[in-house]
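I have placed the structure first, in the form of structure tokens, so that the comments after it can refer back to it.
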Amino acid sequence: DIILKPFCWLLLIFYRFAGYGVALILFGFVVKLILFPVTLKQKKSMIQMNLLSGRMQKLQAQYAKTNPEKYNEEVQKLYAQEHVNPMGGCMWSLVPMVVLIALYRIIRMPIQMLMNVPKDMVAKVAEITGVANTGAYPQIAMAKALNDPDILAKAQAALGDAGKGLFSMNFSFLGLDLDAIPTWKFWEGGIHWATLGLFLLVLISTAVSFLSMKVSMATNKVNSQSQNEQMDKTIQSMMLMILLLSLWVGFTVPACLSVYWISQYLMTMVQEVVCGKMLKKDYEAARAAAAEAARLAKEEEKRRKEITY
């Protein structure tokens, strides 16, 4: 919870400034801005690995089958010599997931995270609001109940100093309740914007996610040069799995996360284009290195065939 405090503080400032939906969008923008150097570092790490591909292939041809231990030793020397961390890109890619987990905790626990009510007093708020303190999102229901001025005043009086942070929280955005969980059966009970809009949020989030991945593949010129047919099929299968997972998750969590994801994916596309321009020379060097490695590999294969025959 101490680690989450800066996230809570930032989201709360944006909420008071522009409302819940815009707060999530601004929060996502700031997160992307802060993590931009990390993203740039991740891409540079990937480029460095591609630049070493030719030398790695030579080591593999020389040692991999005959002396695996020597191969691993030479690979580690190569990494150290070129100051390359093979896990650098993987480690940095986990940071956005950590931020998402933090945001999810804040979203599902507004009484504790945004209103600073101690954990051992949440049950008291549940009692006053008449909300069962069970299930996945009881604190969201408590926060909605506090929109009643009488209940809010009663809770503040009952909690004393611990209740000073309680306030009436508005979860609406574009006529939608972002605290609600979207349903794919939006037509049940008649077609209303309240349900149709939430359904569309999930679809838009999934569609923008797809566009974001396509833009990322298009700007990642190093990978597009080095992929073979099998790799293309693998990536397409992974994209399909990610899209289906995104669609499923969108109908199991509050709609506010779809708003956050849409903003994240849109800013990711912008970020990919910017990174592509900033790393243009690095990409060109990596493509040249990949082409040279492919040329050498063909020559080596040709020599082996000549020796065989």
Side-chain angles (χ1 to χ4, degrees), residues 1-15 17-18 20-50 83-109 113-114 178 201 204-224 235 238-239 242-243 245-246 249-250 253-254 256-283 286:
D1 289 349
I2 293 175
I3 296 174
L4 292 179
K5 285 299 179 183
F7 294 96
C8 298
W9 174 78
L10 184 63
L11 190 62
L12 198 55
I13 286 179
F14 288 146
Y15 169 77
F17 171 72
Y20 196 56
V22 177
L24 292 167
I25 295 172
L26 293 176
F27 180 87
F29 174 77
V30 171
V31 168
K32 277 293 182 184
L33 198 60
I34 293 174
L35 293 181
F36 181 75
V38 171
T39 302
L40 202 61
K41 183 177 180 66
Q42 177 186 358
K43 289 185 173 295
K44 284 184 177 181
S45 177
M46 179 192 69
I47 292 173
Q48 288 176 323
M49 290 297 296
N50 277 274
H83 306 288
V84 172
N85 180 3
M87 297 300 295
C90 298
M91 289 188 294
W92 289 118
S93 64
L94 296 176
V95 176
M97 181 61 66
V98 173
V99 175
L100 178 61
I101 292 172
L103 179 63
Y104 178 67
R105 181 172 174 83
I106 295 170
I107 285 172
R108 65 185 292 266
M109 302 174 68
M113 299 290 101
L114 298 178
L178 296 186
L201 270 181
I204 293 171
S205 174
T206 305
V208 176
S209 170
F210 174 75
L211 289 176
S212 176
M213 286 188 284
K214 294 294 286 185
V215 169
S216 180
M217 291 177 63
T219 54
N220 187 357
K221 296 179 181 179
V222 175
N223 282 351
S224 64
I235 290 178
M238 289 179 63
M239 285 178 59
I242 291 172
L243 290 175
L245 180 62
S246 298
V249 171
V253 298
C256 51
L257 280 176
S258 290
V259 173
Y260 172 75
W261 283 327
I262 291 171
S263 68
Q264 284 284 287
Y265 293 137
L266 290 174
M267 285 180 278
T268 295
M269 286 189 275
V270 175
Q271 184 175 264
E272 286 290 333
V273 174
V274 173
C275 286
K277 290 183 177 180
M278 292 180 66
L279 299 174
K280 183 178 180 180
K281 291 183 179 179
D282 300 84
Y283 279 126

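- The line from CG of L266 to CD1 of I204 is 10.0 Å long, rounded to the nearest 0.5 Å.
- Between V31 and L10 the shortest side-chain heavy-atom distance does not fall below 4.5 Å.
- Side chain of E272 to main chain of V215: no donor-acceptor pair is present (N/O by atom type, distance under 3.5 Å, no hydrogens or angles).
- Atom OH in Y104 sits 9.5 Å away from atom SG in C256 (nearest 0.5 Å).
- Looking at W261 and L100, their side chains come closer than 4.5 Å, going by heavy atoms from C-beta outward.
- Distance check, rounded to the nearest 0.5 Å: CG of L257 to CZ of R108 gives 11.5 Å.
- The CZ atom of F29 sits 5.0 Å away from atom CG of L33, with the distance rounded to the nearest 0.5 Å.
- What you find for Q271 and K32 is that their closest heavy atoms are OE1-O, 3.6 Å.
- Here Y260 contributes atom OH and Q264 contributes atom CD; the two are 3.5 Å apart, rounded to the nearest 0.5 Å.
- Between the side chain of S205 and the backbone N or O of L201 there is no donor-acceptor pair closer than 3.5 Å.
- Every residue meeting the side chain to side chain contact (heavy atoms under 4.5 Å, CB included) condition with V274, not counting sequence neighbours, appears here in chain and number order: F36, V270, M278.
- By the side chain to side chain contact (heavy atoms under 4.5 Å, CB included) test, I106 pairs with F7, C8, L11, M113, L114, sequence neighbours left out.
- Annotation: side chain to side chain contact (heavy atoms under 4.5 Å, CB included) contacts of F210 (sequence neighbours excluded): K214, M239, L243.
- Side chains of V30 and F14 form a contact here, defined as non-hydrogen atoms less than 4.5 Å apart.
- Pairing each heavy atom of I107 with each of L24, the nearest pair is CD1-CD2, 4.4 Å.
- Closest of all the heavy-atom pairs between M267 and I25 is CE-O, 4.0 Å.
- Contacts of S209 classified as side-chain hydrogen bond (donor to acceptor under 3.5 Å, both in side chains), with partners at least two apart in sequence or in another chain: none.
- Of the possible donor and acceptor atoms, none in the side chain of S212 sits under 3.5 Å from a partner among the backbone N and O of V208.
- The ring-ring contact (aromatic ring centres under 6.0 Å, His included) test applied to Y20 returns F171, not counting sequence neighbours.
- Of the inter-residue distances, the one linking I242 atom CD1 with T206 atom OG1 reads 12.0 Å to the nearest 0.5 angstrom.
- Residues satisfying the side chain to side chain contact (heavy atoms under 4.5 Å, CB included) criterion with L245, sequence neighbours excluded, are W248, V249.
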